[in-house]
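Order of listing sets the numbers, starting from 1, for every ligand and every atom in it.
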Amino acid sequence: MTALEQSRHLATAIPGPRSEELLARKGAAVARGIGNTMPVYASRAFGGIVEDVDGNRLIDLGSGIAVTTVGNASPRVVAAVAEQAQHFTHTCFMVTPYEGYVAVAEALNRLTPGTGEKRSALFNSGSEAVENAVKIARTYTRKQAVVSFDHAYHGRTNLTMALTAKSMPYKHGFGPFAPEVYRAPLSYPFRDAEFGGKELATDGELAARRAITVIDKQVGADNLAAVIIEPIQGEGGFIVPAEGFLRTLLDWCRDNGVVFIADEVQTGFARTGAMFACEHEGIVPDLIVTAKGIAGGMPLSAVTGRAEIMDAPHVGGLGGTYGGNPVACAAALATIETIETDGLVERARQIETLMKDKLGRMQAEDDRIGDVRGRGAMIALELVKPGTTEPDAELTKAVSTAAHRAGVIVLTCGTFGNVLRFLPPLTISDDLLLDGLDVLAEALRTL
Ligand SMILES: *Cc1c(COP(=O)(O)O)cnc(C)c1O
């Protein structure tokens, strides 16, 4: 196989003829509920490039939604997967266990914040891990209620739909949802400034007090098993809470016998310029949920946390046929080795500097860019009607479509559909990243 050239290249229109053919086959064979961001079919991917079936080379600013953080088809991951697949592909860890699973648990216990004794359990998807974190918190506390936040995204299974805030497209028509789930107000500095004044936008403790009052009055600590929160929200719009928000919430949970669960499915594994986003606030959650970036593209997820909480469920109470599949575990170990050996946490910080510099300059000249935010290689633009905070979803859609046509994979998010989000693989070159951002700037200029 020849190396994939690291440059943007349009061989045909987007989509090209072979993608058009596959789109037609998809329409006739795949349920329409499964949507696509890009109208092109992938054939290869490496570094910062995804090549499609028509030979177009696209700049990857999405990493398959924050999954291929170490790069697509990353060499150590590919070798580990091939090696493990030759030995065995599955035995079921609950039937005849294997070392890889234990080694991944050891790595997670070592890497996650906190120095106390920890345990981990492995699953397949982020949603499945979130569900298990709630099961664990409920058995430990012998309480039932769970609080999540405005704009939260925790998955698409029944319990995680209940935890997720946004109805369309995640929940619409799919109820009834799991009971005993309550929602509290988030710290959303860009919007809090408008509705709650400058103090609420900058004082995380104040924003946390607002949330705690709602929790106290509408649920009550005596009924509350867990609070679950993304330290930086993903689908909700890359919302970084005001400093002190997470710490105040965590302290309240500790004082009230409530398990604090950090959903680091999107933020984990070097994505934000730290191994885990909680480290930016120096907090140690009781449980931490990981998935996406954990295994270089193989399906794997985990719950990691304090031993006495993790060990609360009875023997046999946790598990699943595929959880901690041996090939996925081999990929995870190779992914972690790559992050540590190649200095990818530091690379995420470089990407932050480069992107915030460029996007900040764009914002200074364009009053439709309301906010530039995020950490590491998890950066977003919130687009608004000129000079206001009114969301502009139409412009956001138009910019992303123009970028797609020009050969750049970019994703949108946010409750109001007005956030352009960037999640480049950490192996992308500066040149490719800058070319991708230039395409975006050009799209904004001409719209
Ligand atoms: C993607 C995501 C999930 C769900 O993960 P799946 O693997 O899609 O089930 C949960 N929480 C967060 C924060 C996510 O970004």
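With rounding to the nearest 0.5 Å, the separation of CD1 in I232 from CZ in R373 is 10.5 Å.
Only backbone heavy atoms of H154 (N, CA, C or O) come within less than 4.0 Å of ligand 1; its side chain stays farther off.
Within the structure, ligand 1 has S125 among the residues with a heavy atom less than 4.0 angstrom away.
Evaluated for a side chain to side chain contact (heavy atoms under 4.5 Å, CB included) with I59, the options I409, V50, I428, V410 yield exactly one hit, I428. With Q233 as the fixed residue, the side chain to side chain contact (heavy atoms under 4.5 Å, CB included) test singles out one of D263, L186, V240, T267: L186.
Protein heavy atom at the shortest distance from atom 7 (O) of ligand 1 is G126 N, 2.7 Å. If you check which protein heavy atom lies closest to atom 2 (C) of ligand 1, you get K292 NZ, 2.5 Å. With hydrogens left out, the protein atom closest to atom 8 (O) of ligand 1 is S127 OG, 4.5 Å, a heavy atom. In this structure, the protein non-hydrogen atom closest to atom 11 (N) of ligand 1 is D263 OD2, 2.7 Å.
Atom numbering of ligand 1 starts at 1 in the shown order; those under 4.0 Å from a heavy atom of E230 are 13 (C).
Inclusion of E235 in the set of residues having an N or O under 3.5 Å from an N or O of ligand 1 is not warranted.
Side chain to side chain, N223 and Q144 fail the donor-acceptor criterion of an N or O pair below 3.5 Å.
Considering every non-hydrogen atom in both R306 and D286, the closest pair reads NH1-OD1, 2.7 Å. The nearest pair of heavy atoms linking A184 to V147 is CB-CG1, 3.9 Å.
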